[in-house]
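One structure is given below, encoded as structure tokens.
Note that the structure is predicted; figures quoted are calculated from it, not measured.
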Amino acid sequence: MDRTYVVTGAASGIGAATARYFQERGGRVVGCDLHDADVIADLATLAGRAQLVDVVTRLSGGKVDAIVANAGGGPAETMLSVNFFGAVATLEGLRPLLETSPAPRAVMVSSIASMSPPDPRILEACLNMDEPAAIAAAKDAIAAGKGALDLYGNAKYALNCWCRRVASKPDWAGAGIPLNVVAPGFIDTPAAAYILSDPDRRAQAGRIVPMRGAFPGRPDQMAAALAWCVSPENSLMTGQVLFVDGGAECFLRGQNSR
């Protein structure tokens, strides 16, 4: 596997498992995170996003084959900046490095939380790429009693929409670059500990995952799905949002359609 991969959020959880998956198969990985990574950058800030692009460009020699925009989570105050604007900046900033790859690929990590109804004001601001307006709308949502999980769902829903909007454009499909989203369900990572470590929340979450043995999912299972999306074998699929969740998404949609 003579390919160079950029993985954000590579220090733990799904990102760490994905980086390890590539490395074990002979891939070169440029890992990015807030700590314990090749590139230390805070995607909540403009400076951090510029830092990521600059250092990845230098470390990769100006050429990468695939991008896994996985970094996410964080407190409510930076939820949109990291999970939406930071992810988009990663893809847009690093896209030129894909141009000389014989099989360029990109994937973003969303979440089953994206199924929650979005706040129209937040969604509009995100898709207009108006970060100050999105942050202002998020502050109003917090004041109205919304929490970090609500904002996380909004950010991931906007990410899904952004992918669907741009994947067919000349910079992506027109350049032969498949761009997709993978939306995990409940994966056993530190980010999911607030659900999985609480007996009531864990039981509630488990009830919406119909596939036996799929709750909670493992980071290495997510790594395999992400790896296929950015593999040369994925030569046709683009602009798709794939729920890798043990059937939770179809179960919930089925419940809502009755």
Under the criterion side chain to side chain contact (heavy atoms under 4.5 Å, CB included), I'd like the reasoning laid out for L94 against L52: C-alpha separation, chi angles, the key distance, then a yes or no. CA-CA 9 Å; L94 298 179; L52 180 139; 3.8 Å; yes
So, does [X] use its side chain to make a donor-acceptor pair with the main chain of [Y] at under 3.5 Å?
| X | Y | answer |
| --- | --- | --- |
| D33 | A10 | yes |
| Q221 | P219 | no |
| R105 | S231 | yes |
| K139 | E77 | no |
| D130 | A125 | no |
| R49 | T90 | no |
| N70 | T8 | yes |
| R202 | I195 | no |
| S116 | G153 | no |

If I compare all heavy atoms of [X] with all of [Y], which pair ends up nearest, and what's the gap?
| X | Y | answer |
| --- | --- | --- |
| F243 | S111 | CE2-O, 4.1 Å |
| I122 | A137 | CG1-CB, 3.6 Å |
| Y152 | G73 | CE1-N, 4.1 Å |
| I135 | S81 | CD1-OG, 3.7 Å |
| A41 | L34 | O-CD2, 3.7 Å |
| C163 | M108 | CB-CE, 3.4 Å |

Would you indicate whether the side-chain heavy atoms of [Y] and [X] approach each other to under 4.5 Å?
| X | Y | answer |
| --- | --- | --- |
| Y21 | D220 | no |
| L226 | I14 | yes |
| V182 | C229 | yes |
| D38 | L59 | yes |
| R207 | F251 | no |
| W172 | L98 | yes |
| R3 | Y5 | yes |
| I177 | R95 | yes |

Between [atom1] of [X] and [atom2] of [Y], what distance do you get to the nearest 0.5 Å?
| X | Y | atom1 | atom2 | value |
| --- | --- | --- | --- | --- |
| E124 | D119 | CD | CG | 10.5 Å |
| E92 | I67 | CD | CD1 | 11.0 Å |
| N154 | L123 | CG | CG | 7.5 Å |
| N83 | T78 | CG | OG1 | 8.0 Å |
| I208 | E249 | CD1 | CD | 11.0 Å |
| Q240 | L179 | CD | CG | 10.5 Å |

So if you build clusters from Ile, Leu, Val, Met, Phe, Trp, Tyr with side-chain heavy-atom gaps below 4.5 Å, do [X] and [Y] land together?
| X | Y | result |
| --- | --- | --- |
| V53 | M129 | yes |
| V82 | Y194 | no |
| L43 | I40 | no |
| L91 | F85 | yes |
| M211 | I187 | no |

Ring-face cation of R25 near F22 (centre distance under 6.0 Å, axis angle within 45°): no
Would you find more than 12 non-hydrogen atoms of other residues, nucleotides or ligands less than 6.0 Å from Q204 atom CD? no
Should we say atom CE of M237 is surrounded by more than 12 heavy atoms from elsewhere, each under 6.0 Å from it? yes
Between D171 and K169 (salt bridge meaning N to carboxylate O under 4.0 Å), is one present in this structure? no
Under 4.0 Å between a Lys/Arg side-chain N and an Asp/Glu carboxylate O for R121 and D140? yes
Please tell me whether S110 and N160 have a donor and an acceptor in their side chains that are separated by less than 3.5 angstrom. yes
Side chain to side chain contact (heavy atoms under 4.5 Å, CB included) between I142 and K146, worked out: CA-CA 5 Å; I142 293 170; K146 300 295 183 181; 5.6 Å; no
Go through the steps to decide whether R28 and D65 satisfy the test salt bridge (charged side-chain N to carboxylate O under 4.0 Å, His left out), and finish with yes or no. CA-CA 10 Å; R28 179 191 179 198; D65 297 287; over 6 Å; no
Between N180 and N234, does a side chain to side chain contact (heavy atoms under 4.5 Å, CB included) hold up when you go through it step by step? CA-CA 10 Å; N180 293 287; N234 175 27; 3.6 Å; yes
